[in-house]
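Not measured: the values here are computed from a predicted model. Residue numbers begin at 1 in each chain, while the letters A, B, ... track the order of the sequences.
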Amino acid sequence: MKPKYYITTPIYYVNGAPHIGHAYTTIACDVMARFKRLDGFDVFFLTGTDEHGQKVEQAAAAAGMSPQAFTDGTSDLFKAMTQRVGISNDDFIRTTEERHKLACAELWKRLVDRGEIYLGGYEGWYAVRDEAFYDEDELTTRPDGTRVAPSGAPVEWVVEPSYFFRLSAWQERLLAFYDAHPDFIAPNSRRNEVTSFVKSGLRDLSVSRTSFKWGIPVPGDPAHVMYVWMDALTNYITAAGFPDEGSAKWAFWPADLHMVGKDILRFHAVYWPAFLMAAGIAPPKRVFAHGWWTVAGEKMSKSLGNVLDPQELSDSYGLDSLRYFLLREVPFGNDGTFSRKALISRLNVELANDLGNLAQRSLSLIARNCEGRLPDQGARTEDDAEILAAAAALLPAVRTQMERQGFGDALEEIWRVIRAANAYIDRQAPWALRKTDVVRMADVLRVLADVIRSVATLLQPVMPEKTAAMLDQLGVPADGRDFAALATPLPAGTVLPPPAGVFPRFVEEAE
RNA sequence: GGCGGCGUAGCUCAGCGGUAGAGCAGGAGAAUCAUAAUCUCUUGGUCGGUGGUUCAAAUCCGCCCGCCGCUACCA
């Protein structure tokens with residue numbers, strides 16, 4: 001029985017088209033999911049779209065469409081993006097699906113039954129233009145006496161009936177939970193922010209709206225729709241089969257990892273575990289908040305015209321190269337600055353020169369001097385043993401990094417071995433041994449093949465297509481590419497296909 | 001304002017009490033199997049400033065300067 005691993009992307013809000021930020025989150029999850037599958041886990045990888053709420057209702061109206069038709073269209077855009085960036089998700093959930101409405105209604109009823117939700121009134125300064133409530137101290141008073149929001153939008157005092165979740169009652173239990181599960185929120189700096197937020201005091205949370213209709217109706221009170229976040233967060237248990245807690249799917253809950261952008265950390269790290277604990281359901285094991293990509297120091301925005309299109313980048317530089325760059329360039333969790341120059345540099349130096357060229361020079365020597373057959377493992381020198389040991393130590397080292405979503409560090413571990421292998425081939429100079437000691441030459445080439453095999457196997461989660469080509473050239477059978485297979489030596493004598501460059505250098509076209 | 005973080009080689013960052021490190025970029029040499037790729041050596045920093053603790057401080061403490069994050073109900 002394989003251990004289970006459940007990972008989720010956020011469900012993406014469908015009021016706009018997907019951009020590099022969505023692709024980034026999804027790719028990171030995909031790498032994690034692929035890693036776990038190769039490491040022997042039964043993985044359930046979920047992504048999807050969040051389709052309710054006032055903004056969608058308005059965007060649909062502006063487009064002259066029904067909310068459902070509008071949301072069908074944008075959801076498809078996300079589905080297409082998911083496919084184009086090579087995502088291996090097992091399910092794609094939409095919050096407008098029937099299974100999700102059932103799950104939300106059930107969760108709501110449980111919270112009501114347990115006394116965690118009550119009917120009250122929500123009042124405050126509301127700006128129609130911003131569709132947002134503001135605190136008194138956020139407002140400024142104009143000379144004519146009217147109050148305006150920070151955005152300049154006029155506000156009015158409104159009161160509306162609303163259901164509330166007793167979040168205030170969960171403050172201490174949340175803090176106790178964070179304390180008992182120090183890895184629940186990552187990175188550390190984010191955990192500190194969340195705990196200090198919770199310590200500052202929690203107010204009950206308004207969890208229903210009467211100001212618009214496009215949402216999941218509150219059971220027993222159809223004048224209200226559920227607060228969009230309560231609806232959205234619930235997707236994670238919907239996809240795991242909730243409320244059918246006897247289903248096979250439910251064995252995946254609690255989720256092992258919710259990957260989120262830092263902007264939605266609070267919803268996942270505060271509200272979500274509180275909702276679940278209040279309903280008597282286990283909270284997820286971990287929430288990781290990653291950072292943003294900026295361009296030339298500025299956040300991407302449509303108005304600045306600097307929005308990065310994952311499709312264009314993938315077309316220009318290759319999907320695997322893009323995946324590699326996104327995870328390599330910046331410590332996961334930090335913000336990063338995107339530049340084509342940096343991408344090209346990583347692509348040429350690390351992928352083409354370090355790794356691609358290592359494979360090409362090694363495989364060419366085998367093709368030319370070993371009749372194109374994989375040599376046998378021979379007597380090992382100290383130098384051989386050292387590089388092989390470094391390659392063998394990679395799996396546990398990379399696993400440790402992946403457990404903490406240290407993608408960049410995991411890749412650095414792998415590149416240390418790649419650089420060491422380039423130094424090794426130069427030291428051993430198999431091209432010189434060809435003339436003096438062909439047996440030793442074959443031994444050296446086998447060591448290199450084994451090292452490249454380890455490296456390519458471990459890089460599969462990040463660059464599935466490129467590494468597949470590399471493993472093909474090493475004669476690794478398609479069903480022998482998981483991490484456990486590394487323990488089994490490749491059979492000597494395997495006829496290898498003619499080597500072909502896997503990572504071509506990127507040459508800028510002359511202007 | 002409050003809480004938290006950061007400021008180390010040209011660039012991106014690691015180190016977090018005991019003779020300043022890595023990768024990239026720059027310089028010199030070697031090799032010629034390979035995608036003009038690779039390897040070796042090397043230039044380069046008074047570790048933001050300033051006081052203090054210590055036999056010893058990027059590393060601990062105080063203050064100052066500069067950046068950044070969080071400080072709830074659009075998602």
Side-chain angles (χ1 to χ4, degrees), chain A residues 10-16 50-56 58 122 124 127 129-135 137 151 162 164-165 167 187-209 212 227-232 261-267 270-271 289 291 328-331 334-337 339 341-342 345-346 348-369 408-409 412 415-416 419 421-434 441 444-445 448 499-507:
Chain A
I11 47 172
Y12 301 113
Y13 202 57
V14 293
N15 65 340
D50 179 13
E51 309 186 10
H52 289 127
Q54 191 166 21
K55 293 217 168 185
V56 169
Q58 289 173 338
Y122 189 76
R129 206 168 85 196
D130 299 344
E131 305 143 31
F133 281 93
Y134 290 98
D135 270 351
D137 56 13
S151 61
S162 172
F164 283 83
F165 171 72
L167 186 62
N188 259 330
S189 53
R190 298 291 166 197
R191 191 188 61 206
N192 295 339
E193 286 176 6
V194 170
T195 52
S196 78
F197 169 74
V198 174
K199 277 179 187 160
S200 75
L202 295 176
R203 300 201 291 268
D204 286 353
L205 185 68
S206 167
V207 288
S208 75
R209 299 285 186 274
F212 62 94
Y227 172 45
V228 188
W229 270 108
M230 171 159 273
D231 166 351
K262 61 185 182 180
D263 56 331
I264 56 172
L265 177 61
R266 180 192 307 140
F267 304 99
V270 180
Y271 302 169
R328 179 70 170 102
E329 179 70 2
V330 171
N334 293 9
D335 284 351
T337 304
S339 85
K341 196 177 154 203
S345 170
R346 293 274 181 198
N348 284 344
V349 174
E350 293 173 4
L351 296 182
N353 296 356
D354 289 346
L355 175 57
N357 187 50
L358 172 68
Q360 181 70 4
R361 65 201 302 210
S362 305
L363 289 165
S364 298
L365 287 163
I366 291 175
R368 194 164 309 152
N369 305 307
D409 290 331
E412 175 58 26
W415 250 260
R416 266 204 283 273
R419 290 187 206 107
N422 272 315
Y424 170 85
I425 193 173
D426 266 49
R427 256 193 325 268
Q428 297 299 328
W431 49 90
L433 288 169
R434 182 184 48 167
M441 175 202 71
V444 168
L445 293 176
L448 285 162
V502 172
F503 292 103
R505 286 180 63 83
F506 181 87
V507 182

What's [X] touching, base or sugar-phosphate or nothing? Going by heavy atoms closer than 4.0 Å.
X      : result
A:G261 : nothing
A:D354 : sugar-phosphate
A:S206 : base
A:Y13  : sugar-phosphate
A:V270 : nothing
A:D335 : nothing
A:R427 : nothing
A:W415 : nothing
A:G356 : base
A:Y271 : base
A:L363 : nothing
A:A423 : sugar-phosphate

Taking [atom1] from [X] and [atom2] from [N], how many angstroms apart are they, rounded to a whole number?
X      : N      : atom1 : atom2 : result
A:R416 : B:rA14 : CZ    : C1'   : 10 Å
A:N192 : B:rG69 : CG    : P     : 17 Å
A:M230 : B:rA75 : CE    : P     : 13 Å
A:L358 : B:rA37 : CG    : C1'   : 11 Å
A:N422 : B:rA37 : CG    : C1'   : 9 Å
A:L365 : B:rU38 : CG    : P     : 16 Å
A:E193 : B:rC6  : CD    : P     : 13 Å
A:Y12  : B:rA75 : OH    : C1'   : 14 Å

### Message
For A:K262 and A:F267, find the nucleotide of RNA chain B closest to each by heavy atoms; which residue's nucleotide sits nearer the 5' end?
### Response
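Nearest nucleotide further toward 5': that of A:K262.
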### Message
Both A:R346 and A:I425 contact RNA chain B. Taking the nearest nucleotide for each, which residue is further toward the 5' end?
### Response
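It is A:R346, whose closest nucleotide lies nearer the 5' terminus.
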### Modelled atom types, side-chain donor and acceptor of A:R419 and A:N422, under 3.5 Å
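No - no donor-acceptor pair under 3.5 Å links their side chains.
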Indicate whether OP1 or OP2 belonging to [N] is found under 4.0 Å from a side-chain N or O atom of [X].
X      : N      : result
A:R368 : B:rA34 : yes
A:N353 : B:rU38 : yes
A:R361 : B:rU35 : no

Under a 3.5 Å cut-off for both distances, is [N] Watson-Crick or wobble paired, and to whom?
N      : value
B:rG1  : B:rU71
B:rA57 : none
B:rU46 : none
B:rG10 : B:rC24

Expressed as a whole number of Å, how far does the [atom1] atom of [N] sit from that of [M]?
N      : M      : atom1 : value
B:rU40 : B:rC64 : C1'   : 46 Å
B:rU32 : B:rG27 : P     : 24 Å
B:rC61 : B:rG17 : C1'   : 13 Å
B:rA20 : B:rU38 : P     : 31 Å
B:rA28 : B:rC67 : C1'   : 39 Å
B:rC3  : B:rA72 : C1'   : 16 Å
B:rU42 : B:rA22 : P     : 10 Å
B:rG49 : B:rG44 : C1'   : 23 Å

### Pairwise distance CZ(A:R328) to CG(A:D409) - rounded to 0.5 angstrom
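The CZ atom of A:R328 sits 8.5 Å away from the CG atom of A:D409.
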